[in-house]
Structures are given as C-alpha cells and as structure tokens.
Amino acid sequence: MIFLYIQVILDPPSNITLTYRSDDLEIKWEKPEIQSEPDSCFMYNININNKEEVNISEKNIYITPKYHQNERIYVTIRVKWNEDCSKYQEWSAWSKPYIIGDDSTQLTPHHILIVIGVGTAIILIVIVLVCYRFRIWKKLFPQVPKPSMKLFEQVEENQKAAQKMSAAEIPLMTKDEEEFTCSNVTEIPETM
C-alpha cells in the first residue's frame, strides 16, 4: 500500500483556523485527503509572517505564545510524507495565506510623515500665539525707529550752507574777461 503513494505529491492542508486562546495563538488544520493514512504519516511545515518556520509531525495543531492579539499575523502551511510512510520527500505547495489580526494598527511612512507635519505646524502656531500674547514678539523683533525730523532739518541746513559757501568762493566771470586754460604745469625748483 505504501508503494501507491511513493510518487504522490500531497495537496496543502485545508481548513486552516487561527484563534487566540488566552495569550497563545492556536493554529489548526485538516490533514490531506488521503484515505486511511494515520496522522503520524505527515510532516507539516508552518510559516508565520515569513519570519518563523516550524516543522511538526503527528498532530494537526500548533500553539505559540510569541504573538500578541493586536498583531497582524498571516500563516501558510505545507505538508510532505513522513520518512516512515514513504520515501518520497517532496513538500506540497504552500496553502493560501490565512490572516488574523487588524491591519489598522500598523503605521505606514505616509502616516508618520502626516503626524510629524501636523505636529510641527501645531507647535509653531502655539509658539507664535504665545509670543504675540505675552508681547515677546516685540522683544524678539523690535520695530526699527524712524529717524527724527531734527535729523532731516540738519541735513537740509548743511546742504544749504554748503551751496552758499561754494557760490561765494567761485568768482563770477564778466564778459570782458577771457578764459585761460593751462594744459602743462611744470614745477620750477627754487634755488637759494
């Protein structure tokens, strides 16, 4: 009878259930549909979250305390013949993934960026309002004073005085006077 199953690749386990019993995760499944084969003829490989792989034989249940109830967990299982029942040792295909837990608790990078952006904006608004309320804003950024009108009056008086002085120093030419231009100036040394 064993020789009939030597070349048979088993179907993956079906009817997989994931439940929490107190703080433990319980995984149950049904054995492959092969007539009159005892449970001890099968070896199961359980993959949890692509992080943990466990090999189990002789029973259709696995209990692990490593996972919390709020954590999202997905489980796949495959099966092969036990060495005592068959020499054919190929694993079946993986079962479809079974999932337990809520995915809403996991934060994506988009959620984190939104929280950081909104938090930063709220903090900046609060700082500006506190500075405005307690007049710290005026101490941090004081208003630049306007120059007084006396300064403008002094500048105007100085300009008028300068114009009067320059006009007094330059003699006005009459029509009879000729204008001379000197192009070469040489310095003559004084001899004693």
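Note that the numbering runs from 1 along the sequence shown for the chain. No experiment lies behind these values; they were computed from the predicted model shown.
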Do Val126 and Phe134 sit in the same hydrophobic cluster, where Ile, Leu, Val, Met, Phe, Trp and Tyr count as joined when their side-chain heavy atoms come under 4.5 Å apart? yes

Joint cluster assignment, Ile100 & Val75, ILVMFWY side-chain distance < 4.5 Å: yes

Check step by step if side chain to side chain contact (heavy atoms under 4.5 Å, CB included) holds for Tyr20 and Leu25. CA-CA 5 Å; Tyr20 282 104; Leu25 174 64; 4.1 Å; yes

Could you please spell out the steps behind the side chain to side chain contact (heavy atoms under 4.5 Å, CB included) verdict for Ile46 and Glu53? CA-CA 5 Å; Ile46 303 171; Glu53 280 198 22; over 6 Å; no

Ile27, Asn60, Asn55 screened by side-chain contact (heavy atoms from CB on, under 4.5 Å) with Tyr44, the one that passes: Asn60

Mind checking who shares a hydrophobic cluster with Leu129, ILVMFWY linked at side-chain heavy-atom distances under 4.5 Å? Ile125

What are the two closest non-hydrogen atoms of Met43 and Ser57, and how far apart are they? SD-CB, 4.0 Å

Which residues pass the side chain to side chain donor-acceptor pair (under 3.5 Å) test with Glu90, not counting sequence neighbours? none

If the condition is side-chain contact (heavy atoms from CB on, under 4.5 Å), which residues does Arg21 pass it with, not counting sequence neighbours? Thr19, Glu26

Side chain to side chain donor-acceptor pair (under 3.5 Å) involving Asn47 - partner list, sequence neighbours excluded: Asn50

Using modelled atom types and a 3.5 Å cut-off, is there a donor and acceptor pairing between side-chain atoms of Ser95 and backbone atoms of Pro12? no

Ring centres under 6.0 angstrom apart (Tyr62, Trp29): no

Spacing of OG1 belonging to Thr120 relative to CD1 belonging to Ile122, to within rounding of 0.5 Å: 9.5 Å

Side chain to side chain contact (heavy atoms under 4.5 Å, CB included) evaluation trace for Val54 with Ile56: CA-CA 6 Å; Val54 180; Ile56 295 179; 3.9 Å; yes

Atom pair OH/CD1 of Tyr98 and Ile48 - distance to nearest 0.5 Å: 15.0 Å

Interatomic distance, Phe42 atom CZ to Lys31 atom NZ [nearest 0.5 angstrom]: 5.5 Å

How far apart are the C-alpha atoms of Lys28 and Ile16, what are their side-chain angles, what is the distance that settles it, and do they pass the side chain to side chain contact (heavy atoms under 4.5 Å, CB included) test? CA-CA 6 Å; Lys28 287 185 181 179; Ile16 298 172; over 6 Å; no

Atom CH2 of Trp94 and atom CZ of Arg78: how far apart are they, to the nearest 0.5 Å? 4.0 Å

Can you tell me if CD on Glu30 sees more than 12 non-hydrogen neighbours from other groups inside 6.0 Å? yes

Taking only residues two or more places apart in sequence, or in another chain, which ones meet Asn49 in a side chain to side chain donor-acceptor pair (under 3.5 Å)? none

Out of curiosity, does Phe141 fall in the hydrophobic cluster containing Val130 (side-chain heavy atoms, cut-off under 4.5 Å, transitive links)? yes

Sub-4.5 Å side-chain heavy-atom contact between Trp81 and Leu10: yes

Identify, with sequence neighbours excluded, every residue that meets side chain to side chain donor-acceptor pair (under 3.5 Å) alongside Gln154. none

